[in-house]
Amino acid sequence: MTLYARFAAHLDAILDALEAEGQLPGGLDRKAVAVEPPRDASHGDLATNAAMVLAKRAGTNPRALAGLIAPKLEALDEVSGVEVAGPGFINIRLVPEIWQEELRTILSEGEDYGRSQLGAGTRVNVEYVSANPTGPMHMGHCRGAVVGDALASLLEHAGYAVTREYYVNDAGGQVDVLARSAWLRYREALGETIEIPEGLYPGDYLVPVGQAFAAEFGDRYVAAPEEEWLALFRTRTVAAMLDMIRADLALLGIHHDVFASEAEVQGSGAADRVLETLREKGLIYQGVLEAPKGETSEDWEPVELTLFRSTRFGDDQDRPMKKSSGSWTYFGADAAYHLQKADAADQLINIWGADHAGTVKRVQAAVTALTDGRVDLDVKLVQMVRLFRAGEPIKMSKRAGNFVTLADVVREVGKDVVRFMMLTRRADAPLDFDFAKVVEASKDNPVFYVQYAHARVRSLHRRAAEAGVDLTGTPDLSLLDDEELALVKLAAQFPRVVESAAQAHEPHRIAFYLSDLAAALHAQWNKGNDDPAKRFLLVQNEKLTRARLELASAIGQIVRNGLAIMGVAAAEEMQ
RNA sequence: GCGCCCGUAGCUCAGUUGGAUAGAGCACGAGCCUUCUAAGCUUGGGGUCACAGGUUCGAAUCCUGUCGGGCGCGCCA
């Protein structure tokens, strides 16, 4: 039980007592009552809004009600002071022993500190990356990959049962294009001089695929009509691309539990069943959509399509499930795919590029319709990464094939830097990534600053060992002063940060929190420059050193736990 | 034309799901630091939270409208 939960319980008991005494009417809704650390540390350790929330319904005013609650809080052993402030906040100060105890808890729970049962085993499916299997991963995919993976890990820490999933778009026209591109490389491998026409994939990552085909098939398909080789080449090439993508993802430490195939969804009859289910619910009809507004396209012709009434669920227009050719639209298969996921989960989360924002509502509509509202789908939209090299933007052109691959970036700056940087902005805000800045050893670089904090703790312990500090016996944490306990208070917020980040589906909050914590540690450390008595390592005062080593260990532990959620390894020392 | 996302310090961005005097880093100003514990430290100025209404004890946060930016807008994926 966290400190905050414990005080929420204390407060609940106090409110019960006030009811019993007849000072407060019974049955008040306490849902909005919160016990939280105040923003401003000068307001104390904990604050509650109880008096403000309940006053009106209790027929009194906030400050009067606060005056009833405060003395009962003050009577608690753990509380050193209570004051009513502002419009009716009740600020609580805790005795130092509480924070000494919390420090011990951090150290004893170790890597489990910050884990929570918030999710209570709720099954969450996080679908992320899902890049088309037509080439290597590039930086455009990278951010979604990291955000999705960190979110999955965050949810696990918060007690959810998480499935990491990748949807393979192996059914559309572009995988045919891929197969044709590979076929050209196959002919090339057999000695032909080829030219890659506009519209096919020019990347030389298909060269080895063509060579493998040449080795396996000889010249069997060189002169054969497309029907004879297309399906074969498609399957094989997609498999090769997926191997490549998996290898790229592994460079970032990302491993999915499930790779779901769009072609399989279509071939299994799942899409047909979904269509029938929706039809039974009266959500399918044959109809003609209106021409798009705004830009007039000349080739638009009214065509009757099989439409899903997504407008019933807030979409702007109904959406086609099937093409006029009779094959499934991407959405048609996607609806079936989402039902497949929903069958094994209580919540769905998709990580998508922001350019897919327009398709969110139709898929949410399908999930709501197909699960009768049982399953919630949250779509996190991830904005672009703008690449720079020492301030100069790097231009990428997909058509020319000169995009920056994920593997290149990881090779240059390392997995940990990439992962951390991808989480230094809210997902839906654009992010600048400068190759020079992200490896800079300075305070301006959050990766460095956080890693440095951890390395500093490690270094401190190495120095302490070298100095022969006696580490036996129980450290006396009562030697820590208010400044030092302030560090513990910040560290103690970690479990709350994990829970709120998990609930908001926002892993970047961990990165921001760690930056704050690192800054606080560095600030405390720097005090030792002006005042040697404040240094962590004081050979002439072993007892105090011992207590401070415990403090440093605890901060290091929190940094490590936070980085673990982000999938970043903590540095033992800086190079 | 419509929908979604966004608009917070000169710049880049946070803001604990509606809390108190809106924060951090850069940049700018002023001191300190010639090594004590590894990449400097301390401190100051800087704001109509795009704008206008509304909801309530209380709004950067929720609702409505306006302005501005990004993305998208029949069968692509």
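Below, chains carry the letters A, B, ... as their sequence lines are ordered, and counting in each starts from 1.
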**OP:** Classify the glycosidic conformation of B/rU17 as syn or anti, calling it syn when the angle lies within 90° of 0.
**Re:** syn
**OP:** Determine: side-chain N/O of A/Lys31 to OP1/OP2 of B/rG18, distance under 4.0 Å, yes or no.
**Re:** no
Original post:
Atom NZ of A/Lys323 to atom C1' of B/rC75: distance rounded to whole Å?
Top reply: 7 Å
Original post:
Looking across every strand, which nucleic acid part, if any, lies under 4.0 Å from A/Gly173 by heavy atom: base, sugar-phosphate, or nothing?
Top reply: sugar-phosphate
Original post:
If you check the A/Met52 side chain, which of B/rG19, B/rC76, B/rC4 turns out closest?
Top reply: B/rG19
Subject >> Residue of the set A/Ile349, A/Val363, A/Val360 for which side-chain contact (heavy atoms from CB on, under 4.5 Å) holds with A/Leu377 >> reply: A/Val363
**OP:** Check whether NZ of the Lys or CZ of the Arg A/Arg309 lies under 6.0 Å from the centre of the six-membered ring of A/Tyr285 and within 45 degrees of that ring's axis.
**Re:** yes
**OP:** Under a 3.5 Å limit for both distances, which nucleotide forms a Watson-Crick or G-U wobble pair with B/rG68, could you say?
**Re:** B/rC6
**OP:** Report the nucleotide, chosen from B/rA77, B/rG74, B/rC4, that has the shortest atom-to-atom distance to any side-chain atom of A/Ala357.
**Re:** B/rC4
Original post:
Which class fits the ring pair A/Phe512 and A/His508: parallel under 30°, tilted 30 to 60°, perpendicular over 60°?
Top reply: perpendicular
**OP:** Would you please confirm or rule out a distance under 4.0 Å between OP1 or OP2 of B/rC41 and any side-chain N or O of A/Lys527?
**Re:** no
Original post:
In whole angstrom, what separates A/Met574's CE from B/rA38's P?
Top reply: 14 Å
**OP:** Evaluate whether the aromatic ring of A/His43 and the six-membered ring of the B/rA20 base sit under 5.5 Å apart, centre to centre, with an inclination under 30°.
**Re:** yes
**OP:** For the residue pair A/Asn350 and A/His338, confirm or rule out a side-chain donor-acceptor distance under 3.5 Å.
**Re:** yes
**OP:** Assess whether atom CE of A/Met384 is packed by more than 12 heavy atoms of other residues, nucleotides or ligands within 6.0 Å.
**Re:** no
**OP:** Examine distances only and state if a side-chain atom of A/Asp318 and a backbone atom of A/Thr311 form a donor-acceptor pair shorter than 3.5 Å.
**Re:** yes
Subject >> Earlier contact from the 5' end, RNA chain B, for A/Arg319 and A/Lys361 >> reply: A/Lys361
Original post:
So which nucleotide from B/rG40, B/rC4, B/rC75 ends up closest to the side chain of A/Ser442?
Top reply: B/rG40
Original post:
Between A/Asn529 (CG) and B/rA38 (C1'), how many Å, whole number?
Top reply: 11 Å
**OP:** Output the single nucleotide from B/rG19, B/rA38, B/rU17 whose closest atom is nearest the side chain of A/Val53.
**Re:** B/rG19
Original post:
A/Pro87 side chain: which of B/rA77, B/rC4, B/rG19 is closest?
Top reply: B/rG19
What are the atom names and distances for every N/O pair under 3.5 Å that joins the protein to nucleotides 42-44 of chain B?
none

**OP:** Consider only side-chain N and O atoms of A/Gln174 and A/Thr134, and report whether a donor and an acceptor are under 3.5 Å apart.
**Re:** no
Original post:
Got a donor-acceptor contact below 3.5 angstrom from the A/His522 side chain to the A/Tyr449 backbone?
Top reply: yes
Subject >> Value in whole Å for how far the P atom of B/rA38 lies from OH of A/Tyr449 >> reply: 15 Å
Original post:
Roughly how many Å is it from CD in A/Gln383 to C1' in B/rG69, rounded to a whole number?
Top reply: 11 Å
Original post:
What one-letter contact string describes nucleotides 11-16 of chain B from 5' to 3', where B marks a base within less than 4.0 Å of any protein heavy atom, S marks contact via sugar-phosphate atoms alone, and - marks no contact?
Top reply: -SSSSB
Original post:
Considering only heavy atoms and no angle criterion, is a donor-acceptor pair shorter than 3.5 Å present between the side chain of A/Thr329 and the base of B/rC75?
Top reply: no
**OP:** Count the heavy atoms belonging to other residues, nucleotides or ligands that lie under 6.0 Å from NZ of A/Lys437, then report whether that count exceeds 12.
**Re:** no
**OP:** Could you tell me the separation between the CD atom of A/Gln317 and the P atom of B/rG1, rounded to a whole number of Å?
**Re:** 18 Å
**OP:** Mind jotting down which residue pairs meet the ring pair (Phe, Tyr, Trp, His ring centres under 6.0 Å) criterion with at least one end in residues 423-443 of chain A? Sequence neighbours excluded, please.
**Re:** A/Phe433-A/Phe435
Subject >> Partner nucleotide of B/rG74 by Watson-Crick or wobble geometry (both distances under 3.5 Å) >> reply: none
Subject >> Closest-nucleotide 5' rank along RNA chain B - winner of A/Leu537 and A/Asp516 >> reply: A/Asp516
Subject >> Interatomic distance, A/Glu301 CD vs B/rG74 P [rounded to whole Å] >> reply: 15 Å
Original post:
How would you label the contact of A/Ala47 with the nucleic acid (heavy atoms, under 4.0 Å): base, sugar-phosphate, or nothing?
Top reply: base
